[in-house]
S.K.: 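Below is a structure I'd like to ask you about.
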Amino acid sequence: MVQADKKPRKSEKPLTFDLNSYLKQQKDLVEKALDRSIAIARPEKIYEAMRYSLLAGGKRLRPILCLATCELTGGDAEMAMPTACALEMIHTMSLIHDDLPAMDNDDFRRGKPTNHKVYGDDIAILAGDGLLAYAFEYVATQTKNVAPENIIRVVACLGHTVGAAGLVGGQVLDLESEGKPDVTAETLSFIHTHKTGALLEASVVSGAILANAPQEDIDRLSKYAQNIGLAFQIIDDILDITATDEQLGKTAGKDLEAQKATYPSLWGLEKSRVKAQELVDSAIAQLSIYGAKAEPLRAVANYIVTRDR
Ligand code: GRG
């Protein structure tokens, strides 16, 4: 009998998924699409301010999730890219507004001076508004090869996610909770499912909608997203304590300084790490039905608990 050759042939894909090269490749794709998405026009200052924050780097996790989910459920990157860019525009505008003196008052973001430090509070507010409005215009006008009713569903999903039922509501409760010593686990969970989790969930759900995925897939992938969303925030809180300004690209230790309730303040660092890992395990369990096709979403979930920035 001929012994099977154990070495993989050149044409065979490696058995293990290479997370780093996947993330790098997807991030590069997204960076190029974002760069093309907004051209400088008159008045130049506002377009420059919008591009300054949009192209300042960042992990691009929301677009990557949208592209991966669309591909997993039968769509392709081209269908999802306008929505992927819109998600990053919305995320970036929320960071610009969050950094304002009236909110968290931060001087650095993504390793650079914050938008209002460069352009002033007035332009930073308007740059955020400009990005938010453009995100919706971009989905509506640039999405190709997707049924119009699915584009409308994505627009509705994004609107729900950014408004009082999502990011805005989470931010309000966060501001109200600052300095209060008696914030409960339930309030903390409300803040983060709205402020952070909602946009991560919308990233996954919109990818599936664009691919015209059946509702049972959308429900399953929503659960995946809710779990990684909470894990993401727990790790964010941990990194605020354990990472450096250089790693985070912003001032570390701000939660403690602002007397913010966080998961480590509620549970301690070790228990917080265990909880984040449990959430990621639950997220990954939702993907079993998809087999190897879901490797990118599995890898992103693992990245969320292992990241150091
Ligand atoms: C949405 C209309 C509208 C207004 C904004 C300010 C605000 C309302 C909401 C705050 C939302 C916010 C800043 C949540 C924090 C989410 C979070 C953990 C951000 C960090 O995300 P990363 O680590 O950042 O993905 P990068 O820079 O890598 O993209």
Side-chain angles (χ1 to χ4, degrees), residues 23 26-27 30-31 34 52-66 84-106 108-112 114-116 121 124-136 157-178 188 190-203 225 228-240 243 245 247-252 254-255 258 260 262-263 276 300 303-309:
L23 289 178
Q26 295 303 87
K27 191 168 179 292
V30 171
E31 293 296 342
L34 286 172
Y52 173 79
S53 291
L54 188 66
L55 303 178
K59 296 178 281 295
R60 311 307 195 192
L61 217 50
R62 293 148 192 86
I64 291 174
L65 279 169
C66 178
C85 290
L87 286 157
E88 193 62 30
M89 290 172 200
I90 292 169
H91 171 56
T92 301
M93 78 70 57
S94 81
L95 299 178
I96 296 173
H97 282 194
D98 192 52
D99 290 337
L100 286 166
M103 302 241 190
D104 274 7
N105 195 17
D106 278 299
F108 289 95
R109 173 70 73 175
R110 294 174 163 172
K112 295 170 81 173
T114 43
N115 199 289
H116 66 272
D121 295 2
I125 292 168
L126 292 166
D129 294 345
L131 282 169
L132 182 60
Y134 192 55
F136 287 90
C157 168
L158 294 179
H160 186 78
T161 300
V162 299
L167 270 77
V168 167
Q171 179 75 349
V172 170
L173 202 54
D174 194 19
L175 293 171
E176 282 178 1
S177 303
E178 231 169 78
L188 198 57
F190 184 99
I191 293 171
H192 294 311
T193 48
H194 290 72
K195 217 183 120 163
T196 305
L199 195 57
L200 290 166
E201 189 175 347
S203 307
I228 62 162
L230 200 48
F232 184 86
Q233 184 60 50
I234 296 173
I235 298 298
D236 212 65
D237 287 356
I238 293 174
L239 290 173
D240 189 65
D245 291 7
Q247 271 170 295
L248 298 183
K250 62 177 184 178
T251 314
K254 289 271 300 195
D255 292 344
K260 274 198 179 186
T262 63
Y263 287 104
V300 171
Y303 168 71
I304 278 171
V305 267
T306 51
R307 71 194 175 102
D308 66 356
R309 58 200 63 226

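First listed ligand is number 1; within each ligand, the first listed atom is number 1. Sequence positions, counted from 1, serve as the residue numbers for this chain.
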S.K.: Given side chains that start at C-beta, do those of Val162 and Leu132 come closer than 4.5 Å, heavy atoms only?
M.R.: yes

S.K.: Filter the ligand 1-protein atom pairs down to N or O on both sides and distance under 3.5 Å, then list them.
M.R.:
residue: ligand 1; atom: 21 (O); partner: Arg62; partner atom: NH2; Å: 3.3
residue: ligand 1; atom: 23 (O); partner: Lys59; partner atom: NZ; Å: 2.6
residue: ligand 1; atom: 25 (O); partner: Arg62; partner atom: NH1; Å: 2.8
residue: ligand 1; atom: 25 (O); partner: Arg62; partner atom: NH2; Å: 3.4
residue: ligand 1; atom: 27 (O); partner: Arg110; partner atom: NE; Å: 2.9
residue: ligand 1; atom: 28 (O); partner: Lys59; partner atom: N; Å: 2.9
residue: ligand 1; atom: 28 (O); partner: Lys59; partner atom: NZ; Å: 2.8
residue: ligand 1; atom: 29 (O); partner: His91; partner atom: NE2; Å: 2.8
residue: ligand 1; atom: 29 (O); partner: Arg110; partner atom: NH2; Å: 2.8

S.K.: Can you give me the closest heavy-atom contact between Ala84 and Cys66, atom names plus distance?
M.R.: N-SG, 4.1 Å

S.K.: List the atom pairs, with distances to 0.1 Å, where a side-chain N or O of residues 95-102 and a protein N or O form a donor-acceptor pair under 3.5 Å, not counting sequence neighbours.
M.R.:
residue: His97; atom: NE2; partner: Ile125; partner atom: O; Å: 3.0
residue: Asp98; atom: OD1; partner: Gln171; partner atom: NE2; Å: 2.8
residue: Asp99; atom: OD1; partner: Arg109; partner atom: NE; Å: 3.4
residue: Asp99; atom: OD1; partner: Arg109; partner atom: NH2; Å: 2.8
residue: Asp99; atom: OD2; partner: Arg109; partner atom: NE; Å: 2.9

S.K.: Going by the rule ring pair (Phe, Tyr, Trp, His ring centres under 6.0 Å), which residues pair with Phe108 if we only count those two or more places apart in sequence or in a different chain?
M.R.: none

S.K.: Test ring pair (Phe, Tyr, Trp, His ring centres under 6.0 Å) on His192 and Tyr263; report intermediate values, then the result.
M.R.: CA-CA 10 Å; His192 294 311; Tyr263 287 104; 5.7 Å; yes

S.K.: My understanding is that only residues two or more places apart in sequence, or in another chain, count here; which of them pass side chain to side chain contact (heavy atoms under 4.5 Å, CB included) with Leu23?
M.R.: Leu19, Ile64, Val300, Tyr303

